[in-house]
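Per chain, numbering begins at 1; letters A, B, ... match sequence-line order.
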Amino acid sequence: MSTSATPSPDKQLTPKERMRIPRQKMPEQDPRQRTTNFNEVNLGLTEEMAIEEAQRCLQCAKPLCIDGCPVIIKIPEFIELIVQGDFIGAAAKIKEDSSLPAVCGRVCPQENQCEATCVVGNRFSPVAIGNLERFVADYEREHDMIQVPERAAVTGKKVAVIGSGPAGLACATDMAIYGHDVTIFEALHEYGGVLAYGIPEFRLPKKVLSVEIENLKKLGVKFVKNYLIGKTRTLDELLNEDGFEAAFIGTGAGLPWFLNLPGENLNGVYSANEFLTRVNLMKAYIFPEADTPVQIAKTAVVIGGGNTAMDSVRTAKRLGAKRAIIVYRRSEEEMPARIEEVHHAKEEGIEFQLLQAPIKYLDDGNGWLKGIECIKMELGEPDDSGRRRPVPIEGSEFFIEADFAVVAIGNGSNPLLARTTPGLDINKWGNIITASETGATSKPGVFAGGDIVSGGATVILAMGDGRKAAAAMDEYLKSKAKVASDE
Amino acid sequence: MFEIASADFIAPDVKRFRIIAPAVAKKHQAGQFVILRVHDLGERIPITIAESDPDSGEITIIVQGIGRTTKDLNRKTSGDQIPDLVGPLGQPTHIENWGKAVIVSGGVGTAEALPIARAMKAAGNEVISIIGARTKSLVIAEELMKDLCDEVIVTTDDGSYGIKGLVIEPLRPMLESSSPPRLILAVGPLPMMKAVAELTRPYNIKTMVSLNTIMIDGTGMCGGCRATVDGKTVFVCVDGPEFDGHKVDFGELQQRIGQFKNQERQSLDQFLRSCRAEKSVEG
């Protein structure tokens, strides 16, 4: 069924012709304009652009792009539906494997996943799979044509999902589709986990997220907020007293890491989690209309080179910082941030001070940050991560004047749940130990996935964990029911 | 939504709320707190739980109207709703039989110290309460403390009630006595807790203080509540709120608590203006 603009004359393009089509450039908000607002940077492809882009796909017999996708989306199939102009059908095709395409189309590192293995990319730019995914998901939402997936017959089995971030949402979706009675527990006052508190509005508008949450509600998933498992109720109480037969733990990244440098608790020094939570979840960017304040920097320095660091530095710039600087101890090549985010940051006038590391935060005499003493680094031998280890250059210390610093170097695990759940095994870093194929923990009926297991990864990997665990949980519930009926 | 079962002023600008929150009431232990928000664009603030009743499902909090959120909260009355409230958060007070324990409290800290006094008494301690306030009208929960403790001493800054002076005045002779307390627990304004810790330090008597820092999530995720204790950074929300007062860096804490004072002022002024506008429309 065609739901929109008829595609250009229905002719079969040769592979050569397909590859000759240039990759469609994502329309963007002008860099000078966008640093003054929190509106989304990427504006989305038009219908014509999407069809044009979709025609670049070679429809490989053995599509390598799928191998690069953590949730195994049938990429060539959904792209072919776009070529046919069936955008709603394309969205439905993606949703067979991924519950949050509007989110993933925005925040997935496609350049390291599906697009990295795209054959067109061997000679030209790869097919813009992520932009196409986003296009169909947006099309479906903007035309109010989102279809709620069909559910299997109701099983009556109660399942708890702890945490409403990407891992929990993905797990809950599949468990609801399998017919189970799913309840998501969220500690904060809004759903979405890192999608709500971490990723800024200019990269993931909150309305995109809220529509996804509404859809899950339509699917029958129950949501309970302001409910901290481990404090308000323990996991054992859910399982032993509240009638839940299985649980999935997707509590995400935990306590933010600091470098334990002198002066790190000065006013003006924040964890990325605090800074981003103030701005995103608590909406400090509209203070005083929203009650939660945030400091407006003259010079903001963000320590780190990941996506969270990019989100932080670009947020500081939008809030009005005259200078917004990334300080990263390795070189650009080793930066874990997405290429697109680094590119956008540079367009926005973010300064990159690479091969430098902070050693001390300096006090202005009143308890406020006045600057950071840094040291220059050089790259030595590769370390455990395979990246070349940064080594300080002796005597190269220097001073950056700054009234605002954000530490964006990652998170440790939150001990809250493990502490109150006997029998739940964790590793020496506090991450929950699971069987990699199923997400099963040491505790029967309890599964886990996302950052609480991996220590820190991407939205899509967390979603992949959630789906994998859902499949295993479903099997677990079936086999449990069978044992019960055999007895 | 969390319904307010009752709300009464117990001192000028100080209001006692009973809130229906059965899950929190069931789990609450002495020393723990909740985080709440009063409206959709509201901030998250921590408030210590003063009492809980697992049977009725109610928790009690005492709120002193100082900033934007607490003043807004104090306009609420029974039947009103609190949109968001989560807890109980933080580690419970460590309770053991110390023999003799002194609980020093100031301001609304006295109400917050009630569950601690009750638990300490139940553990077999001789419990002495020292209540400090600026003036007589601000002394709260004295009768409740009298029901729980072996002795209650009140001090007021202006001498309008009890001993004239600070809480450390009656505490000092206790430290000097032949049977000094083995535990001091201070709950209240930071300068008071600091003064207590400084007084007891030379006597080497264990002194716990209940820290009240800026918090957002209250679950360890943001690190905004961090403080330095014994030279190490702690997160008050998950590691605390009670710490060894002899090891707390009070100077740093005082600075961190004041981090947003200009914005807090701005937010409060705007709120008060909107209240006045509301009133003039009504009038």
Max heavy-atom pairs within cutoff under 4.5 Å with chain B, candidates A:G252, A:P256, A:G412, A:P415, goes to A:P256
Scan for ring-ring contact (aromatic ring centres under 6.0 Å, His included) pairs involving residues 225-281 of chain B, sequence neighbours excluded, and state none if there are none. none
Checking heavy atoms, do the side chain of B:A21, its backbone, both or neither come under 4.5 Å from chain A? neither
Measure B:I45 against the heavy atoms of chain A and call it side chain, backbone, both or neither at under 4.5 Å. neither
Region of B:L85 that comes under 4.5 Å of a non-hydrogen atom in chain A: backbone
N/O donor-acceptor pairs between chain B and chain A, cut-off 3.5 Å:
residue: B:K27; atom: NZ; partner: A:E237; partner atom: OE1; Å: 2.5
residue: B:K27; atom: NZ; partner: A:E237; partner atom: OE2; Å: 2.6
residue: B:R37; atom: NH1; partner: A:H189; partner atom: NE2; Å: 3.4
residue: B:H39; atom: NE2; partner: A:D291; partner atom: OD2; Å: 2.7
residue: B:L41; atom: O; partner: A:D291; partner atom: N; Å: 2.9
residue: B:R44; atom: NH1; partner: A:H189; partner atom: ND1; Å: 2.8
residue: B:R68; atom: NE; partner: A:D291; partner atom: OD1; Å: 2.9
residue: B:R68; atom: NE; partner: A:D291; partner atom: OD2; Å: 3.4
residue: B:D84; atom: OD1; partner: A:N226; partner atom: ND2; Å: 2.8
residue: B:G87; atom: O; partner: A:T232; partner atom: OG1; Å: 2.9
residue: B:G90; atom: O; partner: A:K231; partner atom: NZ; Å: 2.9
residue: B:T219; atom: O; partner: A:N414; partner atom: ND2; Å: 2.7
residue: B:M221; atom: O; partner: A:N273; partner atom: ND2; Å: 2.7
residue: B:C222; atom: O; partner: A:S271; partner atom: OG; Å: 2.6
residue: B:R226; atom: NE; partner: A:N265; partner atom: OD1; Å: 2.7
residue: B:R226; atom: NH2; partner: A:E264; partner atom: O; Å: 2.7
residue: B:R226; atom: NH2; partner: A:V269; partner atom: O; Å: 2.9
residue: B:T228; atom: OG1; partner: A:N265; partner atom: ND2; Å: 3.0
residue: B:T233; atom: OG1; partner: A:N265; partner atom: ND2; Å: 3.2
residue: B:E252; atom: OE2; partner: A:N265; partner atom: ND2; Å: 3.4
residue: B:Q255; atom: O; partner: A:N267; partner atom: ND2; Å: 2.9
residue: B:R256; atom: NH1; partner: A:N265; partner atom: O; Å: 2.9
residue: B:Q270; atom: NE2; partner: A:P288; partner atom: O; Å: 3.4

Nearest-0.5 Å distance that lies between atom SG in B:C237 and atom CG in A:L416: 8.5 Å
Checking A:F287 against chain B: side chain, backbone, both or neither under 4.5 Å from a heavy atom? side chain
Contacting region of A:V269 [heavy-atom separation from chain B under 4.5 Å]: both
Contact leader toward chain A among B:G218, B:G224, B:G67, where contacts are heavy-atom pairs under 4.5 Å: B:G224
Go through the atoms of A:L276 and report whether side chain, backbone, both or neither lie under 4.5 Å from a heavy atom of chain B. neither
